[in-house]
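Worksheet: one structure, shown below.
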Amino acid sequence: MGIRRSGMKQRGGKNLEVRKSHKRGKTVRLVIVSIIVWVIAILYFSPIGYMFLTAFKTEYQAVTPSLIFTPTLETLKKVLSDRTMLGYVKNSLFQVVLGTGFSLVLGVPAAFALVFGKFKKKTTNDKTYFWFITTILLPPVAILVPLYILYQRLNLINSSFGLLLVYVGFHVPIVVWMLHSFLYDVPIEIMEAAEIDGCTRFQQLVKIAVPLARSGIMTAGLLVAVFIWNEFFLAFNLTGNTTATLPVYMARFREQQGMFVAQLSASSMIAVLPPIILGWFTQKSLVKGLTLGAVKG
Amino acid sequence: MLRVNDRKAVRTKWHDWAFMLPAIIVVAIMTQVLFVLTIGFSTLRWNLARPDLSIKFVGIDNYLFFFKSPEFYSIVWQTILLTVCSLAVCTVCGFLLAILFDHDIPGKNIARTLILSPFFMMSTASGVIWKTTILNTTFGWYGVISKALGFVPIDLLSYYPKTVIVFLFSWQWMPFFFLVILAGLQSIPLDLIDSMKLDGANWLQATFLVKLPIISNYIKVAVMLGLVFIVKEFGLILVTTAGGPGTRSYTLPYAVYMQVFNASNVGRASALAVMTVILVLIAVNLLYRSIKKRNAMYGY
């Protein structure tokens with residue numbers, strides 16, 4: 001403490017000029033840092049940015065890389081009127097909407113019971129939560145083989161419900177994990193007061209916990225939606241032609257070297273814009289959900 | 001009176017299980033029961049392409065097959081190499097970028113949003129976009145720019161498949177590391193930073209001796225989650241190198257896929273999958289323990 005105070009005195013004693021140059025040095029540093037950051041940000045985004053630009057080119061314009069051209073909606077129109085592409089979009093939407101919905105319907109009550117539930121053993125809450133977390137660590141490759149064989153036998157390969165089932169199973173733990181930290185912020189006194197007032201557990205969940213953890217539920221839902229929209233491994237291996245999702249469609253472009261660059265870019269744009277926009281809106285709460293759940297867990 | 005209370009208590013206990021049970025059942029079936037089946041399959045001789053050979057219990061033969069094959073070791077090594085290098089690049093770049101972002105930069109939110117975008121992009125799309133619009137030697141920016149500079153562009157994907165894959169993995173996952181580490185930096189209390197400045201710490205000391213240890217848990221969390229996600233990455237490899245040239249960019253998930261769909265060998269594919277899971281669990285366990293230890297040390 002004594003040292004620090006003498007340090008303060010010295011700083012106070014510095015003359016004005018030194019302080020001014022110090023301040024100027026700081027501004028110069030900030031300008032340099034800002035320029036570096038912006039250059040990095042623009043370079044980092046450039047592949048996606050160029051993809052967005054190419055989506056507005058004709059196939060002929062897209063052959064040689066260039067940034068200056070007359071934009072046209074021709075390619076986008078062509079892609080959007082393509083029946084097969086729309087089929088993949090429809091399949092993706094089916095998985096995202098139902099997969100996210102079921103994951104939330106199963107995951108939210110589970111997270112609620114993990115935080116506020118009372119069990120015979122006090123360790124049950126922590127242990128079950130830990131179990132949910134460990135299932136996140138399981139790579140999908142661990143279950144691919146039996147699932148593939150099972151689905152083939154049950155003829156689920158050509159049905160969207162087979163894939164939906166895996167998606168729900170794999171994303172419920174993510175909902176539980178993210179919501180756990182959000183629900184932990186809800187004071188337990190509110191629940192106890194509600195219980196004394198005669199609220200059933202179900203009413204506590206629907207009328208108190210869900211509205212209070214609304215932002216957490218939104219975040220978890222959006223994250224799961226992005227994961228399902230982008231999921232490739234299971235979709236690629238467990239679907240047939242009529243049930244495949246967008247990532248599988250995108251993978252089909254892998255063999256066509258430079259043939260349909262504009263079409264590829266336009267389809268990619270449609271495939272990546274929804275999750276990117278959702279991600280932009282949720283970045284703040286996403287960090288909260290991911291780090292709180294993990295750092296404290 | 002007491003009995004009524006008791007019954008109520010029993011009822012709430014039952015209710016609380018009812019909230020969790022559906023989730024537990026679905027998750028248990030889709031993850032654990034199926035994984036147990038995988039373990040079971042891994043002890044069988046079972047080839048879908050050879051229905052004439054009956055399914056037979058062979059014990060650990062499938063595992064022994066891989067332990068004897070030199071290719072298996074190179075695939076394991078490649079998986080570890082790709083994952084560790086990507087994680088290292090992501091951590092270092094994410095940390096440096098987060099340090100840069102910890103200033104009052106004009107338009108900070110927009111810059112952060114731009115950097116974040118690749119993280120939300122599906123890996124197959126980013127793979128084909130990089131492959132055709134940038135890395136292609138005739139139609140891509142790489143080819144055009146190196147020709148303009150007087151170089152002969154070589155096909156990076158065939159000559160340096162692992163480097164390119166590490167680069168693309170890092171491009172996709174660095175934003176996530178950056179985001180988590182930035183959250184860590186911003187969680188450092190302001191008075192700590194002030195007293196650090198008063199005590200005359202220079203930039204290097206402040207960054208690496210004070211800030212880095214404080215946020216080390218955030219970094220470990222990012223590494224742990226990054227590990228889980230990068231190990232299972234499959235789409236990017238399939239669309240860029242397809243595991244090639246030869247098997248030089250195979251990873252374990254890719255090898256499992258090839259065993260099922262090309263070799264139709266259920267038993268061997270299952271054995272590979274089991275070994276993948278064991279490797280992941282060992283790595284995660286090590287990281288998790290170091291987080292726990294630190295938490296205990298600092299009394300969080």
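Just the heavy atoms: all of them, side chains too, but no hydrogens, waters or symmetry mates, feed the values below. Fair warning: this is a prediction, and the values are worked out from it, not measured in the lab. Just so we're on the same page: letters track the sequence lines, and every chain starts at 1.
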Subject >> Winner by heavy-atom pair count (cut-off under 4.5 Å) against chain A, out of V256(B), I25(B), V239(B) >> reply: V239(B)
Subject >> Separation between CD of E231(A) and CE of M122(B), rounded to the nearest 0.5 Å >> reply: 10.5 Å
**OP:** Can you establish whether the number of heavy atoms outside K147(B) located under 6.0 Å from its atom NZ is more than 12?
**Re:** yes
Subject >> Under 4.5 Å from any heavy atom of chain A - which part of L100(B) >> reply: both
Original post:
Which residue out of S267(A), S265(A), A110(A) racks up the most heavy-atom pairs below 4.5 Å with chain B?
Top reply: A110(A)
Subject >> R201(A) and D16(B) ion-paired at < 4.0 Å >> reply: yes
**OP:** Count the heavy atoms belonging to other residues, nucleotides or ligands that lie under 6.0 Å from CZ of F102(A), then report whether that count exceeds 12.
**Re:** no
Subject >> Validation row: N230(A), S123(B) side chains within 4.5 angstrom (heavy atoms) >> reply: no
Subject >> Side-chain donor/acceptor of S117(B) to backbone N/O of I276(A), under 3.5 Å >> reply: no
**OP:** Show your working on side chain to side chain contact (heavy atoms under 4.5 Å, CB included) between W38(A) and I105(B) and close with a plain yes or no.
**Re:** CA-CA 9 Å; W38(A) 270 98; I105(B) 294 155; 4.0 Å; yes
Subject >> Stepwise side chain to side chain contact (heavy atoms under 4.5 Å, CB included) check, T124(A) with W17(B) >> reply: CA-CA 10 Å; T124(A) 307; W17(B) 275 112; 3.7 Å; yes
Subject >> S268(A) side, atom OG; M121(B) side, atom CE - distance, nearest 0.5 Å >> reply: 6.0 Å
Original post:
How many angstroms lie between CG in L96(B) and CD1 in I40(A), if you round to the nearest 0.5 Å?
Top reply: 9.0 Å
Original post:
Does a donor on one side chain sit under 3.5 Å from an acceptor on the other, for S46(A) and W141(B)?
Top reply: no
Subject >> Option that, when pairs with chain B are counted at under 4.5 Å, heavy atom only, ranks first among P274(A), P140(A), S103(A) >> reply: P140(A)
**OP:** Quick one: which of T135(A), V108(A), T200(A) has the most heavy-atom pairs under 4.5 Å with chain B, could you say?
**Re:** T135(A)
Original post:
Side chain, backbone, both or neither: which part of V266(B) has a heavy atom under 4.5 Å from chain A?
Top reply: both
Original post:
Between F227(A) and F229(B), is a ring pair (Phe, Tyr, Trp, His ring centres under 6.0 Å) present by the stated rule, with each step listed?
Top reply: CA-CA 11 Å; F227(A) 277 161; F229(B) 285 112; 5.5 Å; yes
Subject >> Atom group of F41(B) that falls short of 4.5 Å from chain A, counting heavy atoms >> reply: side chain
**OP:** Check whether any side-chain heavy atom of P175(B) lies under 4.5 Å from a side-chain heavy atom of Y44(A), and answer yes or no.
**Re:** yes
**OP:** Examine distances only and state if a side-chain atom of W280(A) and a backbone atom of L114(B) form a donor-acceptor pair shorter than 3.5 Å.
**Re:** no
**OP:** Let me know if I39(B) has heavy atoms under 4.5 Å from chain A in its side chain, its backbone, both or neither.
**Re:** neither
**OP:** Taking the six-membered ring for Trp and the single ring otherwise, decide whether the centroids of F233(A) and Y257(B) are under 6.0 Å apart.
**Re:** no
Subject >> Residue among V172(A), L137(A), I36(A), V226(A) with most heavy-atom pairs under 4.5 Å to chain B >> reply: L137(A)
Original post:
What part of S66(A) lies closer than 4.5 angstrom to a heavy atom of chain B: side chain, backbone, both or neither?
Top reply: backbone
**OP:** Give, for atom CG of L106(A) and atom CG of L21(B), the distance between the pair rounded to the nearest 0.5 Å.
**Re:** 11.5 Å
Original post:
Quick one: are E233(B) and F232(A) in side-chain contact, heavy atoms under 4.5 Å?
Top reply: no
Original post:
Below 4.5 Å, heavy atoms only, C-beta onward: do P139(A) and V277(B) meet side chain to side chain?
Top reply: yes
**OP:** With rounding to the nearest 0.5 Å, note down the distance linking CG in L234(A) to CZ in F234(B).
**Re:** 10.0 Å
**OP:** Please assess T124(B) against L246(A) for the test side chain to side chain contact (heavy atoms under 4.5 Å, CB included), listing each intermediate value before the final yes or no.
**Re:** CA-CA 9 Å; T124(B) 46; L246(A) 269 174; over 6 Å; no
**OP:** Against chain A, label T276(B) side chain, backbone, both or neither, depending on which of its atoms sit under 4.5 Å from a heavy atom there.
**Re:** side chain
Original post:
Between Y148(A) and F261(B), how do the two ring planes meet: parallel, tilted or perpendicular, split at 30° and 60°?
Top reply: perpendicular
**OP:** Between chain A and each of I145(B), L97(B), I24(B), L272(B), count heavy-atom pairs under 4.5 Å; write down the option with the most.
**Re:** I24(B)
Original post:
Taking side chain as C-beta onward, heavy atoms only, is Y167(A) less than 4.5 Å from M30(B)?
Top reply: no
**OP:** Identify which part of V231(B) has an atom lying under 4.5 Å from any heavy atom of chain A, answering side chain, backbone, both or neither.
**Re:** neither
Subject >> Between L281(B), L252(B), T38(B), the one whose heavy-atom pairs under 4.5 Å with chain A are most numerous >> reply: T38(B)
Original post:
For V27(B), is it the side chain, the backbone, both, or neither that has a heavy atom closer than 4.5 Å to a heavy atom of chain A?
Top reply: both
Original post:
How long is the gap from CE on M20(B) to CG on L114(A), to the nearest 0.5 Å?
Top reply: 5.0 Å
Original post:
Among T134(A), I277(A), V37(A), V176(A), which residue forms the greatest number of heavy-atom pairs with chain B at distances under 4.5 Å?
Top reply: V37(A)
Subject >> D194(B) atom CG, over 12 foreign heavy atoms within 6.0 Å >> reply: yes
Original post:
chain A heavy atoms under 4.5 Å from W130(B): which part of the residue, side chain, backbone, both or neither?
Top reply: side chain
Subject >> Structural part of L138(A) lying under 4.5 Å from a heavy atom of chain B >> reply: side chain
Original post:
Given a strict heavy-atom distance threshold of 4.5 Å, which part of A28(B) is in contact with chain A: side chain, backbone, both, or neither?
Top reply: both
Subject >> side chain to side chain contact (heavy atoms under 4.5 Å, CB included) evaluation trace for F120(B) with V272(A) >> reply: CA-CA 8 Å; F120(B) 295 108; V272(A) 306; over 6 Å; no
Original post:
With a 4.5 angstrom heavy-atom cut-off, which part of V128(B) approaches chain A: side chain, backbone, both or neither?
Top reply: both
Original post:
I149(A), L273(A), L278(A), I42(A): which one forms the most heavy-atom pairs within less than 4.5 Å of chain B?
Top reply: I149(A)
Original post:
Would you find a donor on one side and an acceptor on the other, under 3.5 Å apart, between the side chain of K232(B) and the backbone of V141(A)?
Top reply: no
Subject >> Atom group of L238(B) that falls short of 4.5 Å from chain A, counting heavy atoms >> reply: both
**OP:** Over all heavy atoms of both residues, which pair between I129(B) and P47(A) is shortest? Give the atoms and the distance, please.
**Re:** CG2-O, 4.2 Å
**OP:** Check whether any side-chain heavy atom of P118(B) lies under 4.5 Å from a side-chain heavy atom of I48(A), and answer yes or no.
**Re:** yes
Subject >> Part of W229(A) within contact of chain B (heavy atom distance under 4.5 Å) >> reply: both
Original post:
For L30(A), does the CG atom sit with more than 12 other heavy atoms under 6.0 Å from it, leaving out its own atoms?
Top reply: yes
Subject >> Heavy-atom pair count under 4.5 Å with chain A, highest-scoring of S187(B), G127(B), G107(B) >> reply: G107(B)
Subject >> Residue pair A273(B) / A142(A): nearest heavy atoms and the distance that separates them >> reply: CB-CA, 4.2 Å
Original post:
Heavy-atom distance under 4.5 Å between the side chains of F253(A) and T132(B), does that happen here?
Top reply: no
